[in-house]
J.: 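Got a structure here, written out as structure tokens. Questions coming.
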Amino acid sequence: MEEVGIQKIKLHSILPQSFYARDPRVVARALLGKLLVRRDTRVRTGRIVETEAYLENDPAAHSFRGPTPRNRVMFGPAGHAYVYFTYGMHYCMNVSCQKEGEPGAVLLRALEPMEGIAAMAKARGVKLSTSSTQRELRALTSGPARLAQALGITRERDNGKDLTDPWAELFLAEDDFEAGRVRVTVRIGISKAVDKKLRYVLERNPFVSR
DNA sequence: GAGGAGATCGTCT
DNA sequence: GACGATCTCCTCT
């Protein structure tokens, strides 16, 4: 029952593989309010407030044209990190869903910073004012590439990692937070299947992207 | 606050 | 050789 960080995240609160071994739409909704934790020299924790589901036979999903070296994690077992590099400069993090052989993933789009905020700011290369404003905190993790940078998530370091390993330096956990109302909208930044409502956000949460 | 351009390179055609 | 599950900075209102 090791405890890490101020929020006292216990190992038994790490989300198990059964959590991820479901339809990405179910996982995307269930992930709202959960915690993403980076545990290395410092602990950085954010609460997930925005996700997107990417399905099997989904033209917008990286897995749509079959497995490649880049997307193979999407075809692997549930509960692993699929981290990809895009636009020549950004990393984005997904969690794999469903079963081995059935591609599916949930993209983490925004977090509410909870602890390790100074370390997040450092990783983002920004200076926070002494009484950091909500605007500044928002800019740390409101967007898939921003949150990846804030938590030091890269393809080289994290792609393919098992997020359910109790000794993982990157994992997802839950506490007693109760997610409120969820709003479902179309996904952002894609050019195919643009009309499918597969984006999930915590209603009235100021840390969602855009 | 909204909108547009540019950055920059891995990946697949 | 084209494009991208994005971000930042700049301009205009």
Side-chain angles (χ1 to χ4, degrees), chain A residues 20 23-29 31-32 36 46 48-76 78 80-98 102-113 120-129 133-161 163 170 172 183-202 206-210:
Chain A
Y20 303 100
D23 185 288
R25 287 166 290 205
V26 175
V27 177
R29 185 184 285 267
L31 278 174
L32 294 177
L36 176 63
I48 297 168
V49 300
E50 176 180 349
T51 59
E52 282 179 0
Y54 287 87
L55 313 178
E56 192 166 10
N57 301 318
D58 175 358
H62 289 169
S63 55
F64 186 60
R65 294 178 187 283
T68 67
R70 180 205 201 195
N71 67 21
R72 66 186 159 75
V73 179
M74 287 186 73
F75 291 83
H80 289 244
Y82 167 45
V83 182
Y84 66 88
F85 183 67
T86 191
Y87 291 102
M89 63 190 85
H90 298 303
Y91 294 99
C92 299
M93 175 184 170
N94 298 249
V95 298
S96 63
C97 299
Q98 303 188 128
E102 296 177 355
V106 173
L107 172 70
L108 305 184
R109 286 198 54 92
L111 306 175
E112 175 173 348
M120 291 185 194
K122 188 178 176 193
R124 290 267 298 133
V126 300
K127 277 221 187 306
L128 297 175
S129 56
T133 62
Q134 181 167 284
R135 186 185 190 81
E136 289 176 319
L137 294 180
R138 234 188 126 264
L140 290 178
T141 50
S142 63
R146 286 173 170 180
L147 75 86
Q149 188 179 33
L151 270 64
I153 295 166
T154 66
R155 174 183 167 131
E156 293 72 23
R157 185 176 178 189
D158 300 300
N159 188 49
K161 280 196 176 164
L163 299 167
L170 185 68
L172 289 93
R183 192 156 45 92
V184 186
T185 77
V186 295
R187 294 174 291 188
I188 291 180
I190 56 171
S191 57
K192 297 161 209 151
V194 293
D195 55 331
K196 288 199 183 312
K197 292 188 152 188
L198 292 170
R199 173 172 173 256
Y200 301 81
V201 303
L202 280 185
F207 293 91
V208 302
S209 69
R210 296 192 151 181

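Labels below follow one simple rule: chain letters A, B, ... track the order of the sequence lines, proteins then strands, and each chain is numbered from 1. Side chains included, hydrogens not; waters and symmetry mates left out as well; all remaining heavy atoms used.
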J.: For the pair made of CZ in A/Phe64 and P in B/dT13, what is the distance, rounded to whole Å?
T.: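 In whole Å, B/dT13 P and A/Phe64 CZ are 12 Å from each other.
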J.: When rounded to the nearest Å, what value does the distance between P atoms of B/dG3 and C/dA5 take?
T.: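 So the two P atoms sit 22 Å from each other.
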J.: Does the side chain of A/Ile188 reach to within under 4.5 Å of the side chain of A/Ser209, using non-hydrogen atoms?
T.: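 Counting from C-beta outward, A/Ile188 and A/Ser209 do come under 4.5 Å.
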J.: What is the distance from CZ of A/Arg210 to C1' of B/dG1, rounded to the nearest Å?
T.: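 My rounded result for the distance is 14 Å.
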J.: Want to settle it: does A/Asn71 or A/Tyr87 sit nearer the 5' end of DNA chain B, counting the closest nucleotide to each?
T.: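 Its nearest nucleotide being more 5', the pick is A/Tyr87.
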J.: Please round to the nearest 0.5 Å and tell me the distance separating atom OH of A/Tyr82 and atom CZ of A/Arg72.
T.: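 It comes to 10.5 Å.
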J.: Please report, rounded to the nearest Å, how far the P atom of B/dG10 is from the CG atom of A/Asn159.
T.: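 It is 15 Å, rounded to the nearest whole Å.
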J.: Given atom CZ of A/Arg135 and atom C1' of C/dT8, what is their separation to the nearest angstrom?
T.: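 After rounding, the gap between these two atoms is 13 Å.
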J.: Would you say C/dG4 has OP1 or OP2 under 4.0 Å from some side-chain N or O of A/Ser191?
T.: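 For A/Ser191, the contact criterion (side-chain N or O under 4.0 Å from OP1 or OP2 of C/dG4) is met.
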J.: Partner lookup for C/dG4, please. Criteria are Watson-Crick or G-U wobble with both distances under 3.5 angstrom; report none if nothing qualifies.
T.: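 Because both required distances fall under 3.5 Å, C/dG4 counts as paired with B/dC9.
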J.: Counting any heavy atom closer than 4.0 Å, what does A/Arg155 reach on the DNA or RNA strands: base, sugar-phosphate only, or nothing?
T.: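 Since only primed, P, OP1 and OP2 atoms lie under 4.0 Å of A/Arg155, the category is sugar-phosphate.
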J.: Quick one: label A/Arg124 by what it contacts on the DNA or RNA (base, sugar-phosphate, nothing), any heavy atom closer than 4.0 Å.
T.: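 Sugar-phosphate contact only - A/Arg124 comes under 4.0 Å of backbone atoms but never of a base.
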J.: Go through B/dC12, B/dC9, B/dT8 for me and flag the one nearest to the A/Phe85 side chain.
T.: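 Closest nucleotide among those given: B/dC9.
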J.: Any idea which of C/dA5, B/dA7, C/dC7 is nearest the A/Tyr84 side chain?
T.: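 For A/Tyr84, the side-chain atoms sit closest to C/dA5.
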J.: Could you check how far CD of A/Gln149 sits from C1' of C/dT8, rounded to whole Å?
T.: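 Between C1' of C/dT8 and CD of A/Gln149: 11 Å.
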J.: Write down the distance between NE2 (A/His90) and C1' (C/dT6), rounded to a whole number of angstrom.
T.: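 Checked: the NE2 to C1' distance equals 4 Å.
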J.: Take atom CZ of A/Arg70 and atom P of B/dC9, then tell me their distance rounded to the nearest Å.
T.: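 It is 16 Å, rounded to the nearest whole Å.
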J.: Looking only at side-chain N and O atoms, does A/Arg109 come under 4.0 Å of OP1 or OP2 in C/dT6?
T.: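 For C/dT6, OP1 or OP2 has a side-chain N or O of A/Arg109 closer than 4.0 Å.
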J.: From the options C/dA5, B/dT11, B/dC12, select the nucleotide whose nearest atom is closest to the side chain of A/Met74.
T.: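 Per side-chain heavy atoms of A/Met74, the pick is C/dA5.
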J.: Side chains of A/Met74 and A/Ser96: does their closest heavy-atom pair fall under 4.5 Å?
T.: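 The answer is no, as the side chains (C-beta and beyond) never meet within the 4.5 Å cut-off.
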J.: Can a side chain N or O of A/Arg146 be found less than 4.0 Å away from OP1 or OP2 on C/dT8?
T.: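 Answer is yes, contact under 4.0 Å.
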J.: Kindly indicate whether the side chain of A/Arg70, heavy atoms from C-beta on, has any atom under 4.5 Å from the side chain of A/Phe85.
T.: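 No - every pair of side-chain heavy atoms lies 4.5 Å or more apart.
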J.: Would you please confirm or rule out a distance under 4.0 Å between OP1 or OP2 of C/dA5 and any side-chain N or O of A/His62?
T.: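 A/His62 to C/dA5 OP1/OP2: side-chain N or O found under 4.0 Å.
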J.: Is A/Arg187 touching bases, backbone alone, or none of the nucleic acid, heavy atoms closer than 4.0 Å?
T.: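 Touches nothing.
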J.: Measure from the side chain of A/Ala145, starting at C-beta and using heavy atoms only, and say which of B/dG10, B/dC12, C/dT6 lies closest.
T.: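 Looking only at side-chain atoms, A/Ala145 lies closest to C/dT6.
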J.: Measure from the side-chain heavy atoms of A/Ile190 and tell me the nearest of C/dA5, B/dG10, B/dT13.
T.: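 Among the listed nucleotides, the one closest to the side chain of A/Ile190 is C/dA5.
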J.: Taking OP1 and OP2 of C/dA5, is either one under 4.0 Å from a side-chain nitrogen or oxygen of A/Thr86?
T.: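 No.
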J.: Test your reading of the model: is there a side-chain donor-acceptor pair from A/Asn94 to the backbone of A/Ala105, 3.5 Å cut-off?
T.: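 Here the side-chain-to-backbone pair does not exist.
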J.: If you assign each of A/Leu147 and A/Lys192 to its closest nucleotide in DNA chain C, which residue comes earlier from the 5' end?
T.: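 Closest to the 5' end, via its nearest nucleotide, is A/Lys192.
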J.: Does a side-chain N or O from A/Arg72 land closer than 4.0 Å to OP1 or OP2 of B/dT11, or not?
T.: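 No, no such contact exists.
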J.: Would you find more than 12 non-hydrogen atoms of other residues, nucleotides or ligands less than 6.0 Å from A/Arg157 atom CZ?
T.: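 Counting neighbours around CZ of A/Arg157, more than 12 heavy atoms of other residues, nucleotides or ligands fall under 6.0 Å, so yes.
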